[in-house]
Participant: 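Next up is a structure, given as structure tokens.
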2 protein chains.
Amino acid sequence: MRLVLNRELIVHTAVEVVEREGPGGLSMRAVGLELGVTAMAMYRHVPSKDALIEGMAEYVMAALEVSEDEPDDWKAGARELVRAFRAVAHEYPRSLALVLESGTSIPVGLRAIERGLALCDRAGVQGSAAVHVVRSLMAFTLGSQLREAGFTRVLRAQDGDPAEKVRALSPARYPHVVALPDELVDNPPDTDFEFGVELFLSSVEEMGGRTG
Amino acid sequence: MRLVLNRELIVHTAVEVVEREGPGGLSMRAVGLELGVTAMAMYRHVPSKDALIEGMAEYVMAALEVSEDEPDDWKAGARELVRAFRAVAHEYPRSLALVLESGTSIPVGLRAIERGLALCDRAGVQGSAAVHVVRSLMAFTLGSQLREAGFTRVLRAQDGDPAEKVRALSPARYPHVVALPDELVDNPPDTDFEFGVELFLSSVEEMGGRTG
DNA sequence: ACCTGAACACCGTTCAAGT
DNA sequence: ACCTGAACACCGTTCAAGT
């Protein structure tokens, strides 16, 4: 049983380890152990841990399925595109968190960019405006992912009922907050995300002047 | 010259160290050295490194200046609010990066939430819709920050002129990408961000049905 | 050519010991 | 009460040595 080590295998194993053990469980030694090899053996194929994580980012983003079909309409196509990213995020949540945590940039593929620009075109938005739209939607999608992964915290008390805590706030200082305790505490990621996407797309629609 | 150690001082020093040395330069030993104290001495005031980073997140976000004035109109107020967040991000770029990189959640203050909801109210958006709007704008703002800090990478070749590389792509496969080489390579963070904000706000306007 | 062992310079954290 | 020194169990990475 001779094991042939290569970059692909190492990266794949690293993703497995992280999905099983979490971001903290990733070490060169741990990946080596999983492969039945010492940590040093991997330096022949991966120059550093940072490079390994970069490889993981590419591996994960390669799973993004960008449709090539003509969409029913540009809005349906746009929804499909952002949901494809969400699907990847839900398939590799801990690896994606690790990539963000390590400061490694997420490589967005050319096919996704091309698709986004094509959909903008269909919506009647061209040129630099289209680039801005695609980037803005990327920022929103990534930001939503951060929120879902718990990178932002609002009103998240660890002890006691959070809604009760909101109700206990000063209505004079925080009138609008106090009026919406359940809405603020309830935090359904999908609903939030879908809402934001629709908000976004309706703006694009107005911009391009086309309904379909 | 007797030094009185406390949590506030330790957190402040940690922020200083990170802004000077970068996220990688933060270690308990390094912060201790800066204070003329061993790393172990700090464990009396900060239970762990994670807790220290949490403290840094609070320290940084405490710098967010939320206006209490009546805004000229809700749009102007909204622009001011998101720009206040940007100002913080530009004041503590490396600390904010560290907070994101370490997976520590960013504590968004009550005053910012209250302000966001109040502005929604002014725009004619209430209830759970207002909560969704505030959260979406938070996601977008944070995502934009990630993009600016280099957490996402598109068409960012390290060698040669990137615009040339875009032009060298197959026009059959990437027609829209090839048509916009300069727009895609040019990456002005402020312009991108402002564009997205306006896109967002015009949607909110349509939703609430009020111009002012 | 490919992998290992030992070593180096770091970490966060614990805890008995000092003052 | 507050801080230190030594120690423990880890890291990433280098490099001479093995096969």
Side-chain angles (χ1 to χ4, degrees), chain A residues 1-59 94-95 97-105, chain B residues 1-59 94-95 97-105:
Chain A
M1 203 47 205
R2 203 75 199 84
L3 173 70
V4 185
L5 218 52
N6 59 40
R7 190 188 135 99
E8 174 80 9
L9 179 62
I10 293 169
V11 168
H12 175 98
T13 305
V15 169
E16 270 186 350
V17 167
V18 168
E19 290 307 322
R20 179 158 28 89
E21 316 273 353
L26 181 71
S27 75
M28 300 301 278
R29 283 164 168 97
V31 176
L33 194 71
E34 187 88 3
L35 287 163
V37 117
T38 62
M40 311 89 203
M42 297 187 297
Y43 279 84
R44 203 152 277 279
H45 307 93
V46 177
S48 68
K49 190 187 181 182
D50 277 353
L52 174 57
I53 295 175
E54 236 173 88
M56 292 174 71
E58 282 156 21
Y59 182 95
R94 310 180 101 173
S95 295
L98 169 76
V99 166
L100 286 170
E101 287 174 19
S102 67
T104 309
S105 58
Chain B
M1 199 52 204
R2 204 72 199 83
L3 172 70
V4 185
L5 218 54
N6 60 38
R7 190 189 135 102
E8 175 80 10
L9 180 62
I10 293 169
V11 168
H12 175 98
T13 306
V15 170
E16 271 185 351
V17 168
V18 169
E19 290 307 322
R20 178 157 31 87
E21 316 273 355
L26 180 71
S27 74
M28 300 302 278
R29 282 164 167 99
V31 177
L33 195 71
E34 187 89 2
L35 287 163
V37 116
T38 62
M40 312 88 206
M42 297 188 297
Y43 279 85
R44 203 153 276 280
H45 306 93
V46 176
S48 68
K49 189 186 182 184
D50 277 352
L52 174 57
I53 296 175
E54 236 173 88
M56 293 173 70
E58 283 157 20
Y59 182 94
R94 308 180 102 172
S95 295
L98 169 75
V99 166
L100 286 169
E101 286 174 20
S102 66
T104 309
S105 58

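Letters A, B, ... mirror the listed sequences (proteins, then strands); counts begin at 1. Values below: all heavy atoms of this structure, side chains included; hydrogens, waters and symmetry mates excluded.
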Participant: May I have the distance from A/Tyr43 (atom OH) to C/dT4 (atom P), rounded to whole angstrom?
Facilitator: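 Roughly 14 Å, once rounded to whole Å.
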Participant: Taking the side chain of A/Val37 as heavy atoms from C-beta outward, which of C/dT4, C/dC11, D/dT13 is closest to it?
Facilitator: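 Nearest to the side-chain atoms of A/Val37, counting from C-beta on, is C/dT4.
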Participant: Round to a whole Å and report the spacing from CG of B/Leu35 to C1' of D/dC3.
Facilitator: 13 Å
Participant: Among A/Arg94, A/Arg20, A/Met56, which one satisfies side chain to side chain contact (heavy atoms under 4.5 Å, CB included) with A/Val15?
Facilitator: A/Met56
Participant: Identify which one of A/Glu8, A/Met42, A/Glu34 satisfies the side chain to side chain contact (heavy atoms under 4.5 Å, CB included) criterion when paired with A/Thr13.
Facilitator: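 Output: one option passes, namely A/Glu34.
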Participant: Return the value, rounded to whole Å, for the distance between atom CE of B/Met42 and atom P of D/dA1.
Facilitator: 22 Å
Participant: Could you state the atom-to-atom distance from CG of B/Leu52 to C1' of C/dG12 in whole Å?
Facilitator: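 Those two atoms, CG and C1', are 12 Å apart.
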Participant: Rounded to whole Å, how long is the line connecting atom CZ of B/Arg29 with atom P of D/dG5?
Facilitator: 13 Å
Participant: Decide whether A/Glu19 and A/Ser95 meet the rule of one side-chain donor and one side-chain acceptor closer than 3.5 Å.
Facilitator: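 Checked: A/Glu19/A/Ser95 side chains pair up, N/O donor to acceptor below 3.5 Å.
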Participant: What nucleotide, of C/dT4, C/dC3, D/dG12, holds the atom closest to the side chain of A/Leu5?
Facilitator: C/dC3
Participant: If we call it a pair only when both distances are under 3.5 Å in a Watson-Crick or G-U wobble match, what pairs with D/dT13?
Facilitator: C/dA7
Participant: The side chain of B/Met40 lies closest to which of these nucleotides: D/dG5, D/dT14, C/dC11?
Facilitator: D/dG5
Participant: Among D/dT13, C/dC11, C/dT13, which is the nearest nucleotide to the side chain of B/Ser48?
Facilitator: C/dT13
Participant: Provide the Watson-Crick or G-U wobble partner of D/dG18, both distances under 3.5 Å; none if there is no partner.
Facilitator: C/dC2
